[in-house]
J.: 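Here you go, one structure.
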Amino acid sequence: CGDLQVAVPAQLVEAVRRVPASDLLRGHDTHTLPVDGESLPFYWLDALLQAGTHHASDSRGQTVVVVRSAAQRVVVQVDEVVGNQEVVVKNVGHQLSHLPGLAGVTLLPSGAVALIYNPVALVAVYADAAHARADGRRSAAATPADGESGATEIEFAIPPPLQAVATPPRAPLVMVVDDSLTVRRITQRLLLREGYRVVTAKDGLDALERLAEERPAVLLSDIEMPRMDGFDLLRNVRADPRLAGLPVVMITSRIAQKHRDHAFELGVDHYLGKPYSEDELLHWVARHVDADIPA
């Protein structure tokens, strides 16, 4: 969009379409766009990114991208979809890990750096600000000047940056506890893609040390781990007044009913057996994160 080029994980892209300018105008009026009979939330991508970009719509229409993340779908308008390519994804450093929707960074073949975003995660944080920013642009030449005929091109003025988003809110923190480095990395990558901040621990003792530093919005824990297993970790969490209400989701290969019953006796909120569906895990994380946010 404009001079800005960003990447989106291909598995999130449901469709790329050309939409007539008239439909785009109605979409920006209502903040929704119909897709396959369903009215989906509609945004300019650069407005979600809080970037100032000139826009022009013509009779040929413009490009929109339908993005799906877990059970959520949104539509974003872009100037161009450049292409699809395999890249090496690098995790962002600690300084950028708190930014909502930022899933990673990569180098393009040209040598340019491209940030990787999840638009659905951006919507969760910046929806209202994006609409306000987009609405502020739409004050330009919809009415032709005297002596001029009506034009098909519509120009949009760029407003000053919104003060309300000068300091972005911190994304919810999720703790992942598992003795497998591979599992920790895969789960971390999934959650970062969804816009969460992630802290990892290799066992229960490691998790308790990190819990003393910052309370997460939700805790995901394996059961079988060295030094302190998931049951003992859960027992310690429920015994700590500061952590007693922390949502805990067990993710384990122990799927026997006796293990489930024991976990619920100790106070687990949800129990997932391995292998699990990513959408199911994201559903429970989102549910517990929303419930943990103070009103």
J.: If you group Ile, Leu, Val, Met, Phe, Trp and Tyr by side-chain heavy-atom gaps below 4.5 Å, do V87 and L102 land in one group?
T.: no
J.: Measuring only between side-chain heavy atoms, which start at C-beta, is V65 closer than 4.5 Å to V8?
T.: no
J.: Please report the interatomic distance NE2(H31) to CG(D128), rounded to the nearest 0.5 Å.
T.: 9.5 Å
J.: Evaluate side chain to side chain contact (heavy atoms under 4.5 Å, CB included) for M175 paired with L211, printing each intermediate quantity in order.
T.: CA-CA 9 Å; M175 177 175 286; L211 287 169; 3.8 Å; yes
J.: Would you check if there is a donor-acceptor pair between the side chains of R17 and T63 at a distance under 3.5 Å?
T.: no
J.: Indicate yes or no: at least one non-hydrogen side-chain atom of L191 is less than 4.5 angstrom from one of V176.
T.: yes
J.: Do F231 and I223 pass the side chain to side chain contact (heavy atoms under 4.5 Å, CB included) test, and can you show the C-alpha distance, the side-chain angles, and the key distance before you say yes or no?
T.: CA-CA 6 Å; F231 288 142; I223 291 180; 3.6 Å; yes
J.: State plainly whether one hydrophobic cluster holds both V174 and I186, where clusters connect Ile, Leu, Val, Met, Phe, Trp and Tyr through side-chain heavy atoms under 4.5 angstrom apart.
T.: no
J.: List the atom of A201, the atom of D206, and the distance in Å for their closest heavy-atom pair.
T.: CA-OD2, 3.3 Å
J.: Just do the salt bridge (charged side-chain N to carboxylate O under 4.0 Å, His left out) check on D178 and K274 with the steps written out, would you?
T.: CA-CA 13 Å; D178 200 295; K274 295 179 180 177; 3.3 Å; yes
J.: Does R238 form a salt bridge (charged side-chain N to carboxylate O under 4.0 Å, His left out) with D269? I'd like the steps, not just the answer.
T.: CA-CA 11 Å; R238 292 294 178 249; D269 293 275; 3.0 Å; yes
J.: Any link between V183 and L281 through a network of hydrophobic side chains (Ile, Leu, Val, Met, Phe, Trp, Tyr) touching at under 4.5 Å?
T.: no
J.: Please report the interatomic distance CD(E265) to CG(L234), rounded to the nearest 0.5 Å.
T.: 11.0 Å
J.: What heavy-atom pair brings D179 and P226 nearest, and what distance separates the two atoms?
T.: CB-CD, 3.7 Å
J.: Does a side-chain heavy-atom distance below 4.5 Å link F42 with L40?
T.: no
J.: What class does the angle between the rings of W284 and H270 fall in, given that below 30° is parallel, 30 to 60° is tilted and above 60° is perpendicular?
T.: parallel
J.: Between V66 and V13, is the side chain to side chain contact (heavy atoms under 4.5 Å, CB included) condition met? List the steps.
T.: CA-CA 6 Å; V66 183; V13 178; over 6 Å; no
J.: If you measure from CZ on R184 to OG on S180, what distance do you get to the nearest 0.5 Å?
T.: 7.0 Å
J.: Honestly curious: do V16 and L45 fall in one hydrophobic cluster under the side-chain, below-4.5 Å linking rule?
T.: yes
J.: How long is the straight-line distance from SG of C1 back to CD of E80, given to the nearest 0.5 Å?
T.: 11.0 Å
J.: Do D203 and R210 meet the salt-bridge criterion of a basic N to acidic O distance under 4.0 Å?
T.: no
J.: Quick check: closest heavy atoms across G104 and V89, and the distance to 0.1 Å?
T.: CA-CG1, 4.4 Å
J.: Salt-bridged, E214 to R197, with N to O below 4.0 Å?
T.: yes
J.: Provide the closest heavy-atom pair for G27 versus L33 in the form atom of the first, atom of the second, distance.
T.: CA-CD1, 4.2 Å
J.: Please say whether more than 12 non-hydrogen atoms of neighbouring residues, nucleotides or ligands are located less than 6.0 Å from CD1 in I255.
T.: no
J.: What is the distance from atom NE2 of H288 to atom CG of L246, rounded to the nearest 0.5 Å?
T.: 10.0 Å
J.: Is it true that atom CZ of R235 has more than 12 heavy atoms of other residues, nucleotides or ligands lying nearer than 6.0 Å?
T.: yes
J.: Check for me, please, whether F264 and V248 land in the same ILVMFWY cluster - side-chain distances under 4.5 Å, paths through other members count.
T.: yes
J.: Do E280 and L272 come close enough that some side-chain heavy atom pair is under 4.5 Å?
T.: yes
J.: State, to 0.1 Å, how close Y271 and H259 come at their nearest heavy-atom pair, and which atoms those are.
T.: OH-CB, 3.4 Å
J.: Between N118 and E194, is there a side-chain heavy-atom distance shorter than 4.5 Å?
T.: yes
J.: Is any side-chain heavy atom of N236 less than 4.5 Å from a side-chain heavy atom of L208?
T.: yes
J.: List the steps, then state whether side chain to side chain contact (heavy atoms under 4.5 Å, CB included) holds for L220 with T187.
T.: CA-CA 10 Å; L220 310 179; T187 310; 4.2 Å; yes
J.: Mind checking the NE2-CH2 spacing from H28 to W44? Nearest 0.5 Å is all I need.
T.: 4.5 Å
J.: Heavy atoms only: give me the nearest V177-A207 pair and the separation to one decimal.
T.: CG2-CB, 3.7 Å
J.: In the structure I gave you, are the side-chain heavy atoms of T182 and R185 within less than 4.5 Å of one another anywhere?
T.: no
J.: Is the shortest heavy-atom distance from the side chain of D222 to the side chain of I251 under 4.5 Å?
T.: no
J.: Other residues, nucleotides and ligands only: do more than 12 of their heavy atoms fall within 6.0 Å of CD on E86?
T.: no
